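Values below: all heavy atoms of this structure, side chains included; hydrogens, waters and symmetry mates excluded. Naming convention: chains lettered A, B, ... in sequence-line order (proteins, then strands); numbering from 1 in each chain. All values derive from a computational prediction rather than experimental measurement.
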Amino acid sequence: MTAEQDTRTVEETLLGFLEVKTKAKVGLDQDLFASGLVTSMFAMQLVVHLESEYGVAIVGSDLKLDNFRTVTTMAALVRRLRDESAVTEGV
Amino acid sequence: MSDAIADAMAAVSARVLDRAADWDLAGEIPPSLLRELGDMGLLCAEVPAAFGGLGMTSAVSGELTAHAGSLCSSLRSVMTSQGMAAWTILRLGGLAQRRELLPRLTGGELAAVGFSERDAGSDVATMSTLIRRDGDDVVVDGAKVWMTAAGYADLLVVFGRFGDDAAAVVVPANAPGVRIERVRDPLGCRAAGHANVLLDSVRLPAGHLLGGGGQSLQLLVTTALSYGRMSVAWGCVGILRACLAAASAHAKTRQQFGKTLGEHQLVARHLADLLIAEQSATRACEHASKCWDDGSSDVVMATVLAKHLSATSAAAGASTAVQVLASAGAQDGHVVARAYRDAKLMEIIEGSNEICQLVLAQHALTLA
Ligand SMILES: Cc1cc2nc3c(=O)[nH]c(=O)nc-3n(C[C@H](O)[C@H](O)[C@H](O)COP(=O)(O)OP(=O)(O)OC[C@H]3O[C@@H](n4cnc5c(N)ncnc54)[C@H](O)[C@@H]3O)c2cc1C
């Protein structure tokens with residue numbers, strides 16, 4: 001699977017997760033905070049979800065709301081963290 | 001029960017013995033005893049082994065927290081602070097910071113965490129403490145209130161504004177510009193070392209800024225509180241266990257009107273209420289810890305729910321236990337008298353009853 005396909009899969013899975021958890025249909029680039037769908041408590045749920053679903057650790061300076069603002073930004077975060085861990089683990 | 005948790009509980013029991021009443025009256029736990037427990041890793045038992053900790057799961061550490069809470073809520077409060085500080089460092093700190101700081105927290109040094117300010121209580125996002133970069137340094141200005149364990153602490157994890165964002169900074173308690181003033185005569189958890197902390201142009205190397213700063217204040221606070229809530233919830237289970245044990249033992253032996261108190265139906269109902277409270281709070285905590293250990297995103301709401309249920313049940317249960325003991329429990333220092341005062345404060349901290357209810361109601365509305 002190419003990195004691009006991978007990112008698309010993450011995006012699709014996230015859209016599904018959000019739909020279940022917020023009972024609302026969201027768009028890829030919809031600002032989740034501005035639309036009031038996502039509170040800081042829900043952002044925390046997203047942190048835990050992304051970590052367990054994709055085996056990444058969202059810590060330190062990545063705990064910025066901007067990273068969780070849209071589905072696209074979250075998928076990009078996951079991709080970057082996976083790339084970084086691939087580099088550090090040498091795989 | 002595995003050996004590790006049994007040993008951990010025994011180590012705590014062996015140090016508390018029957019001294020919790022004296023600590024409550026004196027408003028102080030011997031600091032050497034806290035350091036000894038800290039050095040065994042028992043004050044923040046979830047720190048991974050890679051950083052010198054015991055690496056307990058949330059479920060096992062929860063049972064340890066409940067055990068400490070059943071003996072002494074002041075000690076349990078110190079554990080909550082230490083655990084919250086360790087969790088904050090683990091989540092926000094870079095690898096070098098984790099490697100440096102976490103072994104200190106499992107090596108006998110003590111820590112406290114500060115969000116609250118005089119004008120920023122429940123509305124914690126309005127905090128005004130300022131953290132700013134100045135060349136290779138970081139400078140902290142502000143005033144925190146009611147920091148549990150700050151009276152004992154070597155390290156203060158302080159949250160503040162950082163430009164348009166937020167940051168957490170690890171401040172040595174002895175740094176120039178830090179003033180720690182004990183809160184006098186707190187209603188409960190009297191020996192937990194609550195203190196107000198003034199930070200007056202405290203200058204530190206920028207390495208004290210966790211993860212370089214610039215995170216979201218909401219996410220920082222929610223992250224730290226998630227550990228604190230779980231710990232308080234389990235601590236309240238401990239309060240309920242102590243109350244259930246004291247009330248049942250008393251009702252079994254004390255005689256009035258020619259029979260034991262437990263044979264009077266109105267008293268018996270109190271015991272049933274206590275058992276139900278202890279069991280339901282335990283189940284809610286077990287569920288939340290399982291979500292935590294499984295990495296389930298349900299952990300966020302499960303933790304708020306467990307904290308709220310445990311705190312309200314402990315406050316009600318402690319009141320019930322005092323009712324059953326009556327004059328036998330109506331003296332400061334007595335286990336149910338302590339529980340009565342300590343549990344009330346658990347309805348205020350780490351998200352008051354009302355704040356927890358707002359969060360849970362918002363969740364219900366989202367699911368509708
Ligand atoms: C024993 C103890 C230990 C503590 N330890 C720490 C610590 O280690 N670190 C730290 O940073 N802080 C600590 N605190 C402070 C604690 O976090 C605050 O007391 C708490 O956040 C509540 O803030 P407040 O006391 O200013 O009450 P306020 O925010 O003034 O609230 C007063 C009342 O109004 C209610 N209320 C407020 N807003 C709303 C609303 N929107 N809707 C409905 N009701 C509302 C509250 O629930 C409460 O009942 C501690 C406090 C205590 C008592």
Any idea how B:Trp292 and B:Trp87 line up, ring-wise: parallel (<30°), tilted (30 to 60°), or perpendicular (>60°)? tilted

Examine distances only and state if a side-chain atom of B:Lys144 and a backbone atom of B:Phe115 form a donor-acceptor pair shorter than 3.5 Å. yes

Quick check on B:Val304 against chain A: is it the side chain, the backbone, both or neither that has a heavy atom closer than 4.5 Å? side chain

Counting heavy-atom pairs under 4.5 Å with chain B, which one of A:Ile58, A:Leu46, A:Val20 comes out on top? A:Ile58

Got B:Gln97 and B:Val170 here, is their nearest side-chain heavy-atom distance under 4.5 Å? no

Which one, A:Glu53, A:His49, A:Lys23, leads in non-hydrogen pairs under 4.5 Å with chain B? A:Lys23

Salt bridge present between B:Arg283 and B:Glu286 (N-O < 4.0 angstrom): yes

Residue B:Ala166 versus chain A: region with a heavy atom under 4.5 Å: neither

Chain A heavy atoms under 4.5 Å from B:Leu210: which part of the residue, side chain, backbone, both or neither? neither

Can you say whether B:Ser296 sits under 4.5 Å from chain A via the side chain, the backbone, both, or neither, judging by heavy atoms? backbone

Taking salt bridge (Lys or Arg N to Asp or Glu O under 4.0 Å) as the definition, give me every residue that meets it alongside B:Asp294, ordered by chain and number, with sequence neighbours left out. B:Lys290

